[in-house]
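Read the numbers this way: they start at 1 and go in the same order the structure lists the ligands and their atoms.
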Amino acid sequence: MLIVKKFGGSSVADKERIMNVARRCIEDYNKGHDVVVVLSAMGKTTDRLLEMAADINPDAKKREIDMLLATGEQTSVALMAMAMGSMGVSAISLNAFQVVMHTTSEYSNAKFKRIDTERIRHELDSRKIVIVTGFQGINKYDDLTTLGRGGSDTTAVALAAALHADACEIYTDVEGVYTADPRVVPNAKKMKEITYDEMLELATLGAKVLHNRSVEMAKKYGVQLVVRSSLTEAEGTVVKEVVKMEQMLISGVAADRNTARIAVIGLKDEPGIAFKVFNLMAAHKISVDVILQSIGRDGTKDISFTVAKTDMKDALAVLEENKDRITAQRIESDDKVAKVSVVGAGMQTNTGVASGMFEALYNVGVNIRMISTSDIRITVLIDEEDVDKATRAVHDKFIPD
Ligand code: ASP
Ligand code: MG
């Protein structure tokens with residue numbers, strides 16, 4: 001078997017954890033498997049590097065930031081190869097340049113285009129454990145790029161797809177994917193299985209356990225994932241196309257505090273206005289989520305939408321600059337909001353979910369400001385201070401003890 005094993009930053013945070021990971025990988029190697037290991041930077045290294053950069057130059061070029069961040073993963077893979085060496089196993093570390101993991105040129109948010117497999121295959125054939133840097137790639141200028149925060153998961157899935165791996169295991173510091181954040185909802189349960197689509201919604205909504213692009217890629221290439229803990233032997237959660245088990249109505253509840261609401265007020269009620277507003281956002285690479293347009297009155301209308309909190313400043317600046325062109329009288333914003341979502345493939349065939357969710361929120365006195373839905377998700381925008389209470393209420397409503 002060829003197994004890709006990915007370990008996040010907390011799993012390689014110090015010497016003891018590195019040795020622990022080395023031992024777990026060697027166990028598989030000793031069974032005769034081919035083992036490819038993908039690592040993130042140790043502990044909070046990436047945050048620390050970003051702070052160092054901001055301290056020296058808050059407007060540093062993204063190219064240089066990527067050059068800097070890529071060192072984090074390089075440290076982990078080299079130390080891991082040394083750890084395995086100290087245990088008498090031959091291992092080799094490779095960075096994105098050595099594998100050649102080709103990406104698009106966009107620094108800090110690059111996407112994989114193609115991965116060369118010759119070097120890895122060659123090292124596996126000579127019975128080495130191959131340890132590859134997560135989160136990074138090489139663009140057409142031969143510059144290092146990074147995939148966006150949390151991107152090592154995507155490296156693991158991309159490698160598993162390129163190498164036609166038999167298993168792709170994502171190791172983290174929790175035992176799998178939970179029905180809600182266990183720190184907020186103490187009776188949250190670990191799921192045995194979840195579909196790609198549900199996982200994708202949860203990952204996009206801020207359940208931090210998997211990078212959303214890794215789930216997209218796993219679905220596209222049919223890579224079955226297992227999310228499990230590097231610290232225990234617990235079984236973990238399988239992410240795959242269809243879940244055979246009896247389908248729960250709701251698989252999980254997610255909360256996302258990284259959201260802000262923008263309202264563009266007094267727009268002319270005529271064709272093309274929404275296009276102008278959202279085209280501006282798209283042109284500045286600001287992704288927009290929940291959208292609400294008011295009914296036109298006296299020839300004007302309002303459009304409200306949410307953006308990531310981290311994009312709010314940029315969004316407001318762009319809108320103010322183009323206020324006349326989009327015919328806005330006023331622009332308002334509020335970053336004390338949060339999203340709570342229920343996700344479940346079961347809601348496609350059950351009509352009671354929306355009303356159940358709204359009832360649960362009503363019972364704990366939470367006011368809903370905006371609503372958006374998809375096939376398998378209902379999201380409400382609420383006040384940030386209500387988010388934990390709302391998450392617990394909605395979880396208790398749908399996921400019995
Ligand atoms: N080290 C990177 C980060 O902290 C990538 C990862 O952990 O997946 O975002
Ligand atoms: Mg991660």
**Ligand-side contact atoms (ligand 1) for residue partner Gly150, heavy atom cut-off under 4.0 Å** = 3 (C), 5 (C), 6 (C), 8 (O), 9 (O)

**Request:** Just jot down the ligand 1 atoms closer than 4.0 angstrom to any heavy atom of Arg149, in number order.
**Result:** 3 (C), 4 (O), 9 (O)

**Item:** Which segment of Glu73 sits under 4.0 Å of ligand 1 when only heavy atoms are counted
**Value:** side chain

**Message:** Is the contact between Ser152 and ligand 1 made by the side chain, the backbone, both, or neither, using heavy atoms and a 4.0 Å cut-off?
**Reply:** both

**Message:** Closer than 4.0 angstrom, basic N to acidic O: yes or no for Glu235 and Arg228?
**Reply:** no

**Message:** With a 4.0 Å cut-off on N to O distance, would you call Glu193 and Lys240 a salt bridge?
**Reply:** yes

**Asked** Closer than 4.0 angstrom: is that true for some heavy atom of Gly72 and an atom of ligand 1?
**Response** no

**Request:** Would you mind telling me which of Lys6, Arg213, His211 makes a side chain to side chain donor-acceptor pair (under 3.5 Å) with Asp153?
**Result:** Lys6

**Message:** Going by side chain to side chain donor-acceptor pair (under 3.5 Å), name the pairs with one or both residues in residues 45-56, residues two or more places apart or in two chains.
**Reply:** Asp47-Arg149

**Asked** Applying the side chain to side chain contact (heavy atoms under 4.5 Å, CB included) test to Ile131, which of Glu123, Met84, Lys5 qualifies?
**Response** Met84

